[in-house]
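Reckoned from all heavy atoms, side chains included, excluding hydrogens, waters and symmetry mates. Lettering follows sequence order; numbering is per chain, from 1.
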2 protein chains.
Amino acid sequence: MPTGLAPAELIAVLAAVTDDQPRVMTLRGGEALPSGPFETSHRSLQQSLRAWIERQTGHPVGYLEQLYTFADKDRDPRSGELTEEAGRISISYLGLVREQDAAGIGRPAWYSWYSFFPWEDHRDRVPDELVEITDRLGVWAQDDPVRHQRVDYLFGVGDKAWNEELVLQRYELMYEAGLVDAPQFGRPMQGDNRRILATGISRLRAKIKYSPVVFELMPESFTLLQLQRTVEALSGLRLHKPNFRRQIDQQNLIEDTGEMSSGTGGRPARLFRFRTAILEARMLSGARLPLSRS
Amino acid sequence: MPTGLAPAELIAVLAAVTDDQPRVMTLRGGEALPSGPFETSHRSLQQSLRAWIERQTGHPVGYLEQLYTFADKDRDPRSGELTEEAGRISISYLGLVREQDAAGIGRPAWYSWYSFFPWEDHRDRVPDELVEITDRLGVWAQDDPVRHQRVDYLFGVGDKAWNEELVLQRYELMYEAGLVDAPQFGRPMQGDNRRILATGISRLRAKIKYSPVVFELMPESFTLLQLQRTVEALSGLRLHKPNFRRQIDQQNLIEDTGEMSSGTGGRPARLFRFRTAILEARMLSGARLPLSRS
DNA sequence: TCCGATGTACTCATTCCGAGTATAAACTGG
DNA sequence: CCAGTTTATACTCGGAATGAGTACATCGGA
């Protein structure tokens with residue numbers, strides 16, 4: 001991004017899925033999210049960011065959504081000092097792209113989410129890191145029942161279920177407990193970038209449940225298993241195959257292309273495509289109010 | 001708010017429910033949402049806004065959530081001209097308060113949402129305004145099947161169901177079709193304030209389904225019917241009484257105070273209170289992924 | 001004392017969801 | 001070419017949640 005006197009900074013969480021891994025675009029060897037000043041020459045925030053991303057990656061951004069706006073003083077509660085840029089506004093966005101090969105000068109790299117948040121990947125087993133974290137948080141909560149309740153709820157301790165959407169809240173609790181700087185608990189990032197990434201992951205994990213955004217991450221045509229693997233990568237959970245397929249075709253979101261996948265190891269699978277012009281789509285039923293007739 | 005050279009402006013959608021009407025705090029005779037510059041003297045955006053609101057209303061804000069951040073050029077697509085303040089950032093918030101009597105100098109007024117969006121109140125009947133709007137939109141869509149699909153989906157035409165959450169998208173479609181300036185379609189506001197209000201209503205209508213924010217609008221103790229009437233006011237829908245009650249006590253969110261309501265016309269009702277220290281609460285079941293065992 | 005309004009406890013059918021089973025069709029290594 | 005592995009796809013079945021409706025209780029007031 002060209003520099004200049006800018007009233008605001010834009011920060012992007014750019015996500016893609018490849019090799020069954022959810023990935024995020026980073027700069028500086030995985031230490032920073034892409035960011036730059038808001039250019040008033042463009043028409044709007046969205047357009048400004050979209051243009052910059054497409055210049056950087058060589059790919060169009062399928063989906064772009066605003067995440068959160070911070071003031072500088074929101075951003076790093078550790079250092080109480082006032083910087084020269086005090087009062088600057090940072091606006092963060094979540095963007096989804098289909099491919100991850102950057103056209104840049106080799107600087108951008110796509111890291112797996114789970115290298116920053118190793119405790120969030122529950123696809124194969126409960127991560128060792130999570131066990132250690134809950135142990136340490138147990139000590140931190142000690143005789144404080146309120147802390148204990150928060151830890152149990154956020155990290156699925158005891159009979160509580162693991163809720164994959166609470167990425168941000170888990171990170172913030174770990175921050176409070178002083179665990180985020182431990183190197184075994186994920187790759188560090190500069191400033192508050194890891195927290196912004198957590199915000200994006202939380203948002204996306206929630207969104208795939210009631211909106212068909214997953215398809216923004218899929219190629220033109222795909223098999224049902226590929227779709228399932230993508231959802232699993234994003235949510236960090238393993239899904240039940242027959243039930244997943246049932247839900248997908250109940251939603252009526254995809255249609256058969258007529259073609260079959262070339263052998264990926266087993267029996268060839270049908271190739272599907274996303275039904276365009278489906279704007280009324282909701283992935284799952286969505287919450288309901290108990291309506292009255294009439 | 002004191003004026004000054006500010007990098008950003010804060011705008012608040014302050015909501016309350018009284019007399020079975022969802023209300024929003026306005027200035028200038030209902031023409032503007034409260035707003036002011038972001039004061040860097042405070043610690044963060046949230047705190048800055050919270051302090052200002054409490055000074056204005058004399059009441060604490062129970063719940064405060066960021067809505068959306070606009071650049072000036074996002075804000076009024078009609079006038080293409082560049083103003084002196086081009087590039088200014090506006091950050092909007094949704095706040096919930098329990099009472100609506102302003103301590104101010106008589107300037108703030110609490111108007112019903114539905115005076116700005118008369119077509120959004122479906123509690124008693126389908127509003128006449130909605131019928132006229134869909135008629136006009138039918139003409140606007142004319143021979144364009146894509147437009148027709150959008151209109152049908154957003155406004156519940158034909159066999160499509162009315163979706164109360166789509167307040168913002170409906171308003172934006174009406175804007176596109178040139179209907180928002182018609183005086184019979186709701187009270188006007190200055191600039192894009194009506195669109196920001198629509199954003200807040202959309203967010204709140206979605207939120208009450210999976211989060212216990214409604215209780216931020218309720219008094220200390222309340223009857224089940226009062227709670228139902230509040231949800232109905234917010235959603236603009238009429239709910240099924242027995243099923244509403246079933247859901248509420250399945251969620252285990254409230255507890256009996258032991259007291260009874262003084263006669264409100266019929267048999268006295270139990271008074272309940274919100275169970276504090278319920279952070280794991282979700283109003284409804286929430287969408288689900290088809291999980292796999294172990 | 002009856003009526004209207006509200007409060008509260010049920011029933012019943014349908015749909016949705018979690019869990020599991022069974023079979024089909026490819027590839028692989030001996 | 002046969003056995004075993006991997007993936008694809010079609011079912012079944014029970015339990016939970018949801019939509020819709022019924023029955024009855026208890027108050028104030030005409």
Side-chain angles (χ1 to χ4, degrees), chain A residues 20 122 161-164 209-210 221-232 235 237-272 282-294, chain B residues 20 124 161-164 209-210 221-232 235 237-272 282-294:
Chain A
D20 289 349
H122 289 223
W162 173 261
N163 184 340
E164 85 285 354
K209 290 183 178 176
Y210 58 87
S221 68
F222 48 84
T223 71
L224 289 178
L225 187 59
Q226 283 169 356
L227 182 62
Q228 181 180 342
R229 292 284 177 251
T230 301
V231 175
E232 288 175 340
S235 64
L237 297 171
R238 203 48 86 181
L239 304 184
H240 185 277
K241 202 195 303 195
N243 290 347
F244 179 78
R245 301 165 86 94
R246 175 174 60 188
Q247 273 199 338
I248 292 299
D249 62 46
Q250 274 175 359
Q251 312 306 130
N252 213 34
L253 295 175
I254 61 179
E255 61 190 5
D256 202 328
T257 62
E259 295 173 17
M260 303 291 276
S261 73
S262 53
T264 52
R267 167 177 167 181
R270 281 170 205 276
L271 284 171
F272 294 88
R282 310 198 136 194
M283 274 301 273
L284 297 180
S285 46
R288 285 175 196 164
L289 292 169
L291 294 183
S292 152
R293 45 111 213 152
S294 170
Chain B
D20 289 347
D124 296 328
W162 171 260
N163 184 339
E164 85 285 354
K209 290 183 177 177
Y210 58 87
S221 67
F222 48 85
T223 71
L224 288 178
L225 188 60
Q226 283 169 355
L227 181 62
Q228 181 180 342
R229 291 285 178 250
T230 301
V231 175
E232 288 174 341
S235 63
L237 297 171
R238 202 50 83 183
L239 304 184
H240 184 275
K241 202 199 299 197
N243 292 347
F244 179 79
R245 302 166 88 94
R246 176 173 60 187
Q247 273 200 337
I248 293 300
D249 62 46
Q250 273 175 0
Q251 313 305 131
N252 213 34
L253 295 174
I254 61 179
E255 60 190 7
D256 201 329
T257 63
E259 294 173 17
M260 304 291 276
S261 73
S262 54
T264 53
R267 166 179 167 181
R270 283 170 204 276
L271 284 170
F272 295 88
R282 309 197 137 194
M283 274 301 273
L284 297 180
S285 47
R288 284 175 197 166
L289 292 170
L291 294 183
S292 149
R293 43 107 212 161
S294 173

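One interatomic measurement links the two molecules: CD of A/Gln247 to P of C/dA19, which rounds to 13 Å at whole-angstrom precision. Residue B/Leu271 contributes atom CG, which lies 16 Å from atom P of C/dT6 at whole-angstrom precision. A straight line from CG of A/Leu289 to P of D/dG19 spans 9 Å, rounded to a whole angstrom. Rounded to a whole Å, the CD1 atom of B/Ile248 is 15 Å from the P atom of D/dA17. Spacing between atom CG of B/Asp249 and atom P of C/dG7 amounts to 15 Å, rounded to whole angstrom units. One atom, CG of B/Leu224, and another, C1' of C/dA9, lie 13 Å apart when rounded to the nearest Å. If you measure from atom NZ of A/Lys241 to atom C1' of C/dT23, you get 13 Å, rounded to the nearest angstrom. For B/Leu225 and C/dA5, the CG to C1' distance is 10 Å, given to the nearest whole Å.
Side chain of B/Gln250, nearest nucleotide from D/dT18, D/dT9, C/dG18: D/dT18. Picking from D/dA8, C/dA25, C/dG18 the nucleotide with the shortest atom distance to the side chain of A/Asn243 gives C/dG18.
A donor-acceptor distance shorter than 3.5 angstrom exists from the side chain of B/Thr257 to the backbone of B/Leu271, with no hydrogens or angles considered. Between the side chain of B/Glu232 and the backbone N or O of B/Leu239 there is at least one donor-acceptor pair closer than 3.5 Å. Distance alone, capped at 3.5 Å, is enough to place a donor-acceptor pair between the A/Gln226 side chain and the A/Thr223 backbone. Side chain of B/Ser261 to main chain of B/Ala269: a donor-acceptor pair is present (N/O by atom type, distance under 3.5 Å, no hydrogens or angles).
B/Arg246 comes within 4.0 angstrom of a nucleotide base, judged by non-hydrogen atoms across all strands.
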For nucleotides 22-25 of chain D, give me every protein contact, N/O to N/O, under 3.5 Å, one pair per line with atom names.
| unit_1 | atom_1 | unit_2 | atom_2 | d |
| --- | --- | --- | --- | --- |
| D/dA25 | N3 | B/Arg267 | NH1 | 3.0 |

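For A/Arg270, a side-chain nitrogen or oxygen approaches OP1 or OP2 of D/dT9 to under 4.0 Å.
Between B/Arg270 and B/Glu255 there is no salt bridge, since no side-chain nitrogen of the basic residue lies less than 4.0 Å from a carboxylate oxygen of the acidic one.
Sparse packing is recorded around CD of A/Glu259, with 12 or fewer heavy atoms of other residues, nucleotides or ligands lying under 6.0 Å away.
Taking every heavy atom of both residues into account, B/Leu237 and B/Trp162 meet most closely at CD2-CD1, 4.0 Å.
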